[in-house]
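Below: one structure, written as structure tokens.
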Amino acid sequence: MVPIKNRTVRKLIGQNVRLLRLSHSDISKPLISTLRDLTIKHRLSAVTGELTLIGGRWYVTHAGLLQVAARKRCHGICVEPVKEFCDSRTSRFAFCATVYTSPTCKGFAGYGDADPSNISISVQGAEMRVAETRAVNRALRKAYGIGICSIEEIGSFAEAVQSRAPSSKLPPQPANGNYGGPKVRDRLYQIIRHHQLDPVLVKSYAVDFCGTKTLRDASREQVENFVVHLADWAEKNRNALLCQLNNYARPQEGAA
């Protein structure tokens with residue numbers, strides 16, 4: 001393990017690891033290693049709620065993403081509703097957020113949507129706010145290269161993720177490029193076929209969801225999260241999912 005010279009980062013790592021050991025009795029080395037890497041790269045703090053652990057997987061919070069943006073001196077965030085996919089009568093909303101990392105940046109775009117079928121029961125009634133937050137989170141993750149999903153994005157299947165294997169059983173993370181393996185890929189293809197989804201639009205949505213430039217850059221964990229999310233949404237409200245996918249049928253702003 002390479003020693004950390006920066007005293008502030010070294011202190012933050014110590015705080016994060018101590019909290020992890022206090023809150024979880026059996027901690028695996030991969031889990032600690034992932035936490036250490038996230039702390040070094042993004043200086044996220046589990047102590048202040050910028051990182052959270054669910055089902056043996058790390059998620060960044062909205063507060064954590066805003067902290068990263070502030071530290072990187074984000075130039076601005078523009079959020080606009082996608083009006084054709086907003087319907088207050090059914091509490092369905094969609095937003096597009098664009099993050100500008102500098103005055104000359106063309107923008108990193110992210111889409112977010114919410115309706116009663118794809119959010120947690122605890123936030124039902126606040127679908128507009130959830131959709132806006134999801135859009136901002138995806139744009140921020142894309143702008144600053146944060147490869148873990150935000151907790152606000154996982155929506156109605158958060159409880160299912162939390163009930164999975166204990167944190168001490170975190171599976172090893174393969175190198176980028178092996179973005180899911182045969183079982184995950186086959187499951188994704190099965191969902192696309194069963195629900196008659198457009199594979200091109202699904203792929204675009206997956207890239208946006210994972211916050212990477214391409215799907216091949218996503219980790220297995222990110223793709224697994226997306227597959228669970230897609231299956232859950234397709235079963236509960238296929239029409240809403242189709243509306244979300246249609247967001248990707250038109251040109252989007254690219255990264256600078």
Side-chain angles (χ1 to χ4, degrees), residues 1-74 99 110 112 119-120 122-123 129-130 133-134 136-174 176 209-212 218-226 228-229:
M1 183 178 295
V2 179
I4 306 301
K5 295 181 179 180
N6 188 300
R7 184 176 298 179
T8 301
V9 175
R10 192 165 61 241
K11 181 180 178 181
L12 184 57
I13 292 174
Q15 291 174 342
N16 284 345
V17 172
R18 280 195 295 273
L19 178 64
L20 181 62
R21 294 187 187 279
L22 285 172
S23 57
H24 296 79
S25 57
D26 188 12
I27 304 301
S28 66
K29 288 183 179 180
L31 193 63
I32 294 177
S33 178
T34 301
L35 176 59
R36 183 176 182 273
D37 291 343
L38 289 170
T39 307
I40 294 171
K41 186 174 182 180
H42 302 298
R43 300 193 184 185
L44 293 167
S45 171
V47 178
T48 58
E50 297 171 1
L51 278 173
T52 187
L53 184 65
I54 297 179
R57 295 177 179 178
W58 288 109
Y59 293 88
V60 65
T61 65
H62 183 62
L65 290 169
L66 291 178
Q67 179 64 26
V68 171
R71 189 167 57 250
K72 298 285 188 179
R73 299 186 178 182
C74 175
V99 171
I119 64 174
S120 173
S122 62
V123 292
R129 181 65 179 272
V130 173
T133 300
R134 286 175 173 176
V136 171
N137 286 3
R138 286 170 182 156
L140 285 171
R141 289 198 297 110
K142 188 181 296 184
Y144 296 108
I146 299 177
I148 57 173
C149 185
S150 74
I151 188 65
E152 290 83 7
E153 292 176 58
I154 63 178
S156 60
F157 68 91
E159 293 83 0
V161 173
Q162 194 165 14
S163 65
R164 287 180 180 175
S167 60
S168 59
K169 301 299 182 181
L170 181 71
Q173 297 299 308
N176 286 347
F209 184 93
C210 294
T212 54
S219 68
R220 182 185 182 90
E221 180 180 347
Q222 289 175 302
V223 178
E224 285 176 343
N225 285 341
F226 174 73
V228 173
H229 168 69

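All figures in this text were calculated on a predicted structure; none of them were measured in a lab. Along the sequence shown, the residues carry numbers beginning at 1. What you see below is based on every heavy atom in this structure, not just the backbone, and it leaves out hydrogens, waters and symmetry mates.
- In this structure, CD1 on I151 lies 13.0 Å from OG1 on T133, to the nearest 0.5 angstrom.
- In this structure, R134 and I119 have side chains that are in contact, with non-hydrogen atoms separated by less than 4.5 Å.
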message: Under the criterion side-chain contact (heavy atoms from CB on, under 4.5 Å), I'd like the reasoning laid out for V228 against E224: C-alpha separation, chi angles, the key distance, then a yes or no.
response: CA-CA 6 Å; V228 173; E224 285 176 343; 5.6 Å; no

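- Within the 4.5 Å cutoff, no side-chain heavy atoms of L51 are placed close to those of H42.
- With hydrogens and angles disregarded, no donor-acceptor distance shorter than 3.5 Å links the side chain of E50 to the backbone of G64.
- In R71, the CZ atom is crowded: over 12 heavy atoms of neighbouring residues, nucleotides or ligands sit closer than 6.0 Å.
- Across all non-hydrogen atoms, the minimal contact from N16 to A46 is OD1-N, 2.8 Å.
- Scanning all heavy atoms of the two residues, the minimum distance from R141 to I148 falls at CD-O, 3.1 Å.
- Residues S150 and L65 approach most closely at CB-CD1, 4.1 Å, considering heavy atoms.
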message: Run C149 and F226 through side-chain contact (heavy atoms from CB on, under 4.5 Å) and show every step you take.
response: CA-CA 9 Å; C149 185; F226 174 73; over 6 Å; no

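- Two residues are said to be in side-chain contact when any heavy atoms from C-beta on lie closer than 4.5 Å; V99 and Y144 meet this criterion.
- Put simply, the side chain of L31 reaches to within 4.5 Å of the side chain of L53, judged on heavy atoms.
- In this structure the side chain of I40 reaches within 4.5 angstrom of the side chain of R36, judged on heavy atoms.
- Side-chain contact check for L140 versus L66: some heavy-atom pair is nearer than 4.5 Å.
- Side chains of N137 and E152: a donor-acceptor N/O pair is present below 3.5 angstrom, by distance only.
- In this structure a side-chain-to-backbone donor-acceptor pair under 3.5 Å is present from T61 to G49.
- Looking at L44 and W58, their side chains never come closer than 4.5 Å, going by heavy atoms from C-beta outward.
- Among residues two or more places apart in sequence or in another chain, the side chain to side chain contact (heavy atoms under 4.5 Å, CB included) test is passed with I32 by V17, L20, R21, I27.
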